[in-house]
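Data first, discussion second: the structure below is written as structure tokens.
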Amino acid sequence: MALRTLLSCRTLAAAVKPELGFSVGLRSLVTFSLPDLPYDYGALEPAISGEIMQLHHQKHHQAYITNYNKALEQLELAMSKGDAPSVVKLQSAIKFNGGGHVNHSIFWKNLAPVREGGGEPPKGSLGWAIDTHFGSLEALAQKMSTEGAALQGSGWVWLGVDKELKKLVVETTVNQDPLVTKGPSLVPLVGIDVWEHAYYLQYKNVRPDYLKNIWKVINWKYASEVFEKECP
Amino acid sequence: MALSLCNLVSRNSLAPLPIGRLLLSTRGLQTFSLPDLPYDYGALEPTISGEIMMLHHQKHHQTYVTNYNKALEQLDDAMNRGDPSTVVKLQSALKFNGGGHINHSIFWKNLAPVNEGGGEPPRGSLGWAIDTDFGSLESLKQKMNAEGAALQGSGWVWLGVDKELKRLVVETTANQDPLVTKGPSLVPLIGLDVWEHAYYLQYKNVKPDYLNNIWKVINWKYASNVYEKESA
């Protein structure tokens with residue numbers, strides 16, 4: 001009984017530290033909230049419409065967070081009861097919604113308005129690594145666009161770095177699987193959402209046009225920071 | 001010998017024999033073309049917008065047909081060269097695009113304008129079987145809506161009949177997997193497309209509203225015909 005009261009302590013804790021994006025109950029279940037976009041919804045136009053950005057952020061990402069939190073609470077309960085079948089059954093909801101939260105949180109940082117550096121090619125060590133591994137930034141963009149266009153159903157196309165092998169990789173994941181499901185040492189640098197909701201209102205069925213245009217608002221500064229942290 | 005085989009495959013475009021929707025070349029490789037809708041694009045409004053119907057039919061379904069034909073030709077070629085690696089590699093494109101063609105061909109027949117019987121409950125043996133297996137038509141709809149809403153990523157929710165066990169089933173499939181991938185004796189009666197392209201322009205992220213509404217244009221006459229044929 002006291003456990004249920006403590007779980008609701010979350011909202012009290014959130015009032016204390018709202019900027020953390022998560023709240024802590026006395027039982028230490030951490031739940032999550034929607035991170036703010038670092039730019040206005042319309043700031044990525046004409047590459048991505050404001051209507052898409054708003055729905056994508058306020059509806060889709062929010063739903064993943066809401067459902068992730070719900071699954072986490074159910075998981076915690078099942079764990080405390082020693083209910084192994086429920087723990088296992090919940091993994092699908094955890095992966096899908098947790099993955100959705102992880103992936104979209106990265107995605108918003110992968111994008112930037114043009115006047116804030118969106119589209120500016122990477123300099124420094126990441127730029128050099130891209131030229132070394134792929135020949136050029138154009139070749140990388142083409143490879144990712146091709147794989148994104150060919151992806152069957154819903155998923156993501158990633159530029160990642162293998163922090164063990166110190167190598168850049170291009171990978172795809174299905175649905176909301178995070179990049180780490182393709183290899184435990186893979187760290188995402190740039191993720192491009194190819195679910196239809198990411199582009200359909202603007203590009204309709206023409207996913208290749210979306211993939212061609214999104215490079216104009218990719219925030220290579222963020223990707224470089226992550227890369228330099230993993231490969232100092 | 002190999003040369004003439006390749007020439008014959010390309011005969012598809014020279015002298016299509018319009019036997020139904022199949023084009024026959026002398027070698028017997030059958031390719032496919034987009035079936036016509038039995039109603040106007042706007043005839044399912046306000047349930048499904050004319051814009052969606054047109055894009056869904058002319059762009060999405062057409063693409064599956066085009067890519068299925070391409071994969072079939074490549075398969076034919078690889079089989080004639082005794083190239084098993086390529087044969088195996090093509091299975092993904094065949095399943096995805098062939099499945100897309102199969103599923104959408106069924107889908108157009110699953111829908112009908114209200115003034116042509118769309119939405120009218122099934123009578124006869126199918127209506128009786130639904131009541132027996134699910135309790136009522138309402139509870140069948142609720143079950144399919146719940147499973148459709150919960151489907152992660154892209155896919156379909158099906159009402160099918162198991163022709164061996166003589167039993168109705170509700171199933172989901174991922175991406176463009178046809179119902180038969182869930183069981184070799186399953187025959188599709190009704191398929192609901194829950195890919196985002198099927199509803200997003202009109203319903204945005206609110207998939208449940210699409211699912212609630214689509215029943216108003218479901219063509220139970222077609223489903224009954226298929227059911228009676230399998231139950232005979």
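Letters A, B, ... mirror the listed sequences (proteins, then strands); counts begin at 1. Because the structure is a prediction, the values reported are computed rather than measured.
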Honestly, the part of A:Ala93 sitting under 4.5 Å from a heavy atom of chain B is backbone
If one checks every heavy atom of B:Gln176 against chain A at 4.5 Å, the contacting part turns out to be neither
If one checks every heavy atom of B:Thr63 against chain A at 4.5 Å, the contacting part turns out to be neither
**Request:** Answer yes or no: does atom NZ of B:Lys89 have more than 12 heavy-atom neighbours from other residues, nucleotides or ligands under 6.0 Å?
**Result:** no
Smallest heavy-atom separation, B:Asn175 atom then A:Gln152 atom, equals ND2-O, 3.5 Å
When the 4.5 angstrom heavy-atom criterion is applied to A:Glu51 and chain B, the contacting part is side chain
Honestly, the part of B:His60 sitting under 4.5 Å from a heavy atom of chain A is side chain
Does B:Lys204 reach the side chain of A:Leu201, with side-chain heavy atoms less than 4.5 Å apart? yes
Comparing A:Lys204, A:Lys59, A:Glu196 against chain B, the one with the most heavy-atom pairs below 4.5 Å turns out to be A:Glu196
Bottom line for A:His60: the part with an atom under 4.5 Å from chain B's heavy atoms is side chain
(Q) With a 6.0 Å cut-off (strictly less than), is the heavy-atom count around NZ of B:Lys141, excluding the residue itself, greater than 12? (A) yes
Turns out that what part of B:Ala93 lies under 4.5 Å from chain A's heavy atoms comes down to backbone
(message) Can you confirm whether more than 12 heavy atoms, excluding those of A:Gln202, are under 6.0 Å from its CD atom?
(response) yes
>> Would you say CZ of B:Arg167 has more than 12 non-hydrogen atoms from neighbouring residues, nucleotides or ligands within 6.0 angstrom?
In response: no
